[in-house]
Amino acid sequence: SSLRKIRVYTQDKSLTGKSSNYIYVEVLETGNGQGSPVYTDTTRVAYRGRLIPTVTYTDGYVFDQTYIGDFDWHTAGMADLTPPTLVDGFSTALMNMHCGDHWRVHIPYQIGYGMTVHNTIPAYSDLVFEIALLDFWHPGESRPKFRARELRKEN
């Protein structure tokens with residue numbers, strides 16, 4: 001896997017930034033898709049969100065996920081998400097991914113949920129998301145409902 005540092009999309013690229021202006025990406029798998037989603041697109045993704053590891057949760061407490069166990073393109077549940085509905089760190093990752101990419105993304109709390117509690121996520125929590133981008137499309141376009149078994153037939 002390779003490591004990348006990507007400036008959050010809301011930051012002026014001409015300014016030197018603090019570490020909290022960036023997401024930190026471990027590329028687990030590189031896709032061969034062309035282009036990346038833009039802010040107004042809809043994305044079809046599998047993801048698992050965790051808090052950073054602790055003594056109690058050595059892999060990090062899982063607060064949300066679309067799949068159980070190890071990630072597998074053929075069995076993972078998918079969700080259709082739009083960047084405006086997501087925290088800035090997650091949106092930044094999506095808008096830099098290509099179809100078929102599978103990343104582990106480290107998001108500083110400032111571009112996550114910040115100083116507020118969100119469901120089971122405490123305030124000031126750095127987040128770690130594993131994100132796999134299956135597809136994306138522009139407003140006005142649509143895709144059929146995703147069924148994992150259809151993907152299995154193709155391969």
Side-chain angles (χ1 to χ4, degrees), residues 1-10 19-33 35-39 41-137 143-155:
S1 69
S2 66
L3 299 175
R4 295 175 59 190
K5 175 177 149 182
I6 301 171
R7 185 185 285 268
V8 69
Y9 75 95
T10 57
S19 61
S20 60
N21 289 342
Y22 297 88
I23 58 171
Y24 300 86
V25 174
E26 183 182 349
V27 176
L28 304 174
E29 205 176 334
T30 301
N32 56 9
S36 295
V38 297
Y39 192 70
D41 287 344
T42 299
T43 63
R44 185 158 289 161
V45 298
Y47 67 89
R48 175 178 287 142
R50 299 178 187 268
L51 301 180
I52 58 173
T54 63
V55 172
T56 312
Y57 295 97
T58 55
D59 289 332
Y61 171 76
V62 175
F63 58 82
D64 196 11
Q65 61 189 353
T66 63
Y67 62 93
I68 305 293
D70 293 334
F71 174 74
D72 182 327
W73 286 101
H74 303 290
T75 59
M78 296 282 166
D80 291 351
L81 304 175
T82 55
T85 65
L86 306 167
V87 297
D88 285 355
F90 198 116
S91 294
T92 297
L94 285 176
M95 292 187 298
N96 282 277
M97 295 177 81
H98 303 285
C99 291
D101 283 352
H102 176 206
W103 291 0
R104 183 172 296 117
V105 181
H106 298 262
I107 301 173
Y109 79 87
Q110 295 92 332
I111 54 175
Y113 292 104
M115 299 177 280
T116 56
V117 173
H118 181 78
N119 298 329
T120 59
I121 304 167
Y124 301 98
S125 291
D126 291 338
L127 309 173
V128 179
F129 275 96
E130 198 170 315
I131 306 169
L133 178 61
L134 179 72
D135 195 10
F136 68 93
W137 56 95
R143 295 292 191 275
K145 271 291 211 200
F146 178 75
R147 291 179 192 76
R149 65 181 171 274
E150 291 170 2
L151 183 62
R152 279 197 292 275
K153 282 183 204 165
E154 292 171 9
N155 295 324

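Both backbone and side-chain heavy atoms feed into the values below; hydrogens, waters and symmetry mates do not. Sequence positions, counted from 1, serve as the residue numbers for this chain.
- A distance of 15.0 Å separates CD1 of I52 from OH of Y61, quoted to the nearest 0.5 Å.
- With rounding to the nearest 0.5 Å, the separation of CG in L133 from OH in Y47 is 14.0 Å.
- The stretch residues 111-120 participates, sequence neighbours left out, in no salt bridge (charged side-chain N to carboxylate O under 4.0 Å, His left out) pair at all.
- Nearest approach of L28 to R104, heavy atoms of both residues: CD2-NH1, 3.7 Å.
- At least one donor-acceptor pair under 3.5 Å links the side chain of S91 to the backbone N or O of P83.
- In plain terms, the two heavy atoms of A46 and G77 that are nearest each other are CB-O, 3.4 Å.
- The backbone N or O of G69 sits less than 3.5 Å from a side-chain atom of R48, completing a donor-acceptor pair.
- Taking 4.5 Å as the limit, some side-chain heavy atom of S2 sits within range of a side-chain heavy atom of V27.
- Considering all non-hydrogen atoms of both residues, P37 and M97 come closest at CD-O, 3.4 Å.
- To the nearest 0.5 Å, atoms CG (L134) and CG (D101) are separated by 11.5 Å.
- Note that CG of N21 and CD1 of I111 are 7.5 Å apart. Values are rounded to the nearest 0.5 Å.
- When every heavy atom of H74 is checked against every heavy atom of D72, the shortest pair comes out as N-OD1, 2.7 Å.
- Side chain of T92 to main chain of V8: no donor-acceptor pair is present (N/O by atom type, distance under 3.5 Å, no hydrogens or angles).
- You'll find the side chain of F90 reaches within 4.5 Å of the side chain of I131, heavy atoms only.
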Listing, residues 113-129 side-chain donor-acceptor contacts under 3.5 Å, not counting sequence neighbours, or none:
unit_1: T116; atom_1: OG1; unit_2: Y113; atom_2: O; d: 2.9
unit_1: S125; atom_1: OG; unit_2: P122; atom_2: O; d: 2.7
unit_1: D126; atom_1: OD1; unit_2: Y109; atom_2: N; d: 2.8

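- Distance alone, capped at 3.5 Å, places no donor-acceptor pair between the T66 side chain and the M78 backbone.
- The shortest distance between side-chain heavy atoms of W73 and E29 falls below 4.5 Å.
- For the atom pair CG of L94 and CZ of F136, the computed distance is 10.5 Å after rounding to the nearest 0.5 Å.
- Taking the six-membered ring where the residue is Trp, F71 and Y67 present perpendicular rings, their angle passing 60° and hence far from 30°.
- The CG atom of L51 sits 6.0 Å away from atom CZ of F63, with the distance rounded to the nearest 0.5 Å.
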